[in-house]
Amino acid sequence: NLSVALSIDSQDELGDLANSIEDMANKLRHTKKERNEFFAAVTHELRTPLTFIKGYTDIASRESVSEGERVKYLSIIRDESARLTHLMDDMMTLVQFEAHNFSIKKSSVLIANLMDDLMKKVAGILNQKNIHLNIIGSQQFEAKLDYARMQQVLINLVINAYKYSPDNSTISIDIEQSPKSFSIQISDEGEGIDAADLPYIFEHFYRVDKSRTRKTGGVGLGLTIVQDIIKLHDGNISVKSKQHGGTTFTIELPYD
Ligand code: ADP
């Protein structure tokens, strides 16, 4: 019986999940108001999908439920589980930052290689909305960067741009060099961010659209991670945006 098996499995998985969250919480539970607020937010973010999973598992297990309804409930359970996985991945990265276990490994990186790789990774996704990625400026120079982490930054920013952009629009990556540093600007023609939200978007769990029914996924940790990685590179990230007028993220990095 599928629904009973699912119910038991997911209870076990959730138990494990809860334990590992507890472990992480215990490791980090000293000092600071900020930290307490972080864990209050984590708890909240975990509780919501867990409530959905528990509730729909119970309903889907009932004999009276039609096959069609059961499929619908299972797909909600799957979506909420995917959301939890995404949250866990992001949190593991953040916990490493906060525990200062996280170090970057810099090596000489040719910017053209970083961009080619990015293109390959996002092309399939951008295709789904027929979005064109346009890279402007010379990429034929090297900088000392953590390749994998910078790849993560660029992917996060391009995927965000994708999520909030209309079909058939363009995302531009503009690379500029000055004597001591270089910048990478990622601009989209999407819905933009309201001025009232703009100061907060790098904060933990901050999402402009708080509704859980929105299709764009995400838990509001992506930009926090991006900012942390840039800071570890002694760089800076800023944002300019206008509601309905597109968004531009600017990363500034030293060569070394
Ligand atoms: P999420 O995982 O929810 O996308 P992020 O930390 O990546 O979280 O982003 C925080 C919020 O900033 C998003 O929920 C979204 O509202 C807003 N945002 C980020 N990038 C863009 C963008 N390119 N265009 C419009 N809004 C954006």
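Counting begins at 1 with the first residue of the sequence.
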Q: Please assess N168 against N130 for the test side chain to side chain donor-acceptor pair (under 3.5 Å), listing each intermediate value before the final yes or no.
A: CA-CA 5 Å; N168 309 313; N130 193 30; 2.7 Å; yes

Q) What is the distance from atom CD of Q227 to atom CG of L232, rounded to the nearest 0.5 Å? A) 11.0 Å

Q: Would you give the length of the straight line joining atom CG of D117 to atom OH of Y147, rounded to the nearest 0.5 angstrom?
A: 3.5 Å

**Q.** Atom NZ of K106: over 12 foreign heavy atoms under 6.0 Å
**A.** yes

Q: Indicate the atoms forming the closest heavy-atom contact of L84 with P49, along with that distance.
A: CD2-CG, 3.7 Å

**Q.** Side-chain touch Q139/I175, heavy atoms, less than 4.5 angstrom
**A.** yes

Q) Around K129, counting heavy atoms of other residues, nucleotides and ligands shown, do more than 12 lie under 6.0 Å from its NZ? A) yes

Q. Does the side chain of I136 reach to within under 4.5 Å of the side chain of I173, using non-hydrogen atoms?
A. no

Q | Separation of L46 CG from L87 CG (nearest 0.5 Å) | A | 5.0 Å

Q: State, yes or no, whether a side-chain contact exists between E80 and T51 at a heavy-atom distance under 4.5 Å.
A: no

Q) Do you know the tightest heavy-atom contact between S241 and G246? A) OG-O, 3.1 Å

Q | I237 and V226: CA distance, side-chain angles, deciding distance, side-chain contact (heavy atoms from CB on, under 4.5 Å) verdict | A | CA-CA 9 Å; I237 180 164; V226 163; 3.6 Å; yes

Q | Interatomic distance, F202 atom CZ to D228 atom CG [nearest 0.5 angstrom] | A | 11.0 Å

(Q) Applying a strict under-4.5 Å side-chain criterion to I, L, V, M, F, W and Y, I'd like to know whether I251 and L110 cluster together. (A) no

Q: Determine the minimum heavy-atom distance between S165 and E189, stating which atoms define it.
A: OG-N, 4.2 Å

Q: Answer whether the closest heavy-atom distance between the side chains of L74 and Y56 falls below 4.5 Å.
A: no

Q. Does some side-chain heavy atom of F249 sit less than 4.5 Å from a side-chain heavy atom of I201?
A. yes

Q: Establish, for the pair K144 and Y255, whether the NZ or CZ atom is under 6.0 angstrom from the six-membered ring centre and no further than 45 degrees off its axis.
A: no

Q.
I need the I111 CD1 to F141 CZ distance, nearest 0.5 Å.
A. 4.5 Å

Q) So do the side chains of I171 and N134 get within less than 4.5 Å of each other, counting heavy atoms only? A) no

Q. Does V71 belong to the same Ile/Leu/Val/Met/Phe/Trp/Tyr cluster as I77, with side-chain heavy atoms less than 4.5 Å apart forming each link?
A. no

Q | Side-chain heavy atoms of D234 within contact of K231, under 4.5 Å | A | no

Q: Give the C-alpha distance, both sets of side-chain angles, the deciding distance and a yes or no for side-chain contact (heavy atoms from CB on, under 4.5 Å) between M115 and I184.
A: CA-CA 11 Å; M115 292 299 151; I184 304 176; 4.1 Å; yes

Q) salt bridge (Lys or Arg N to Asp or Glu O under 4.0 Å) between D58 and K54: does it pass, once the steps are laid out? A) CA-CA 6 Å; D58 289 345; K54 173 83 172 62; 2.9 Å; yes

Q. When you measure from the side chain of R149 to the backbone N and O of I229, does any donor-acceptor pair fall under 3.5 Å?
A. no

Q.
Minimum heavy-atom separation for D146 and I104, please, with both atom names.
A. OD2-CA, 3.3 Å

Q: Evaluate side-chain contact (heavy atoms from CB on, under 4.5 Å) for V122 paired with Y162, printing each intermediate quantity in order.
A: CA-CA 10 Å; V122 298; Y162 163 84; over 6 Å; no

Q) Are E69 and S66 close enough that a side-chain donor and a side-chain acceptor fall under 3.5 Å? A) yes

Q: Verify side-chain contact (heavy atoms from CB on, under 4.5 Å) between T250 and D174, making sure each step is shown before the conclusion.
A: CA-CA 9 Å; T250 305; D174 204 328; over 6 Å; no

Q: Locate the shortest heavy-atom distance separating P166 from S169; write the atom from each residue and the value.
A: O-OG, 2.7 Å

Q) Does I155 belong to the same Ile/Leu/Val/Met/Phe/Trp/Tyr cluster as M119, with side-chain heavy atoms less than 4.5 Å apart forming each link? A) yes

Q. In terms of side-chain heavy atoms, does T248 have a donor or acceptor partner in Q185 at a distance below 3.5 Å?
A. no

Q. Do I186 and L154 have side chains that get closer than 4.5 Å, going by heavy atoms?
A. yes

Q. Roughly how far apart are I53 CD1 and S81 OG, rounded to 0.5 Å?
A. 4.0 Å

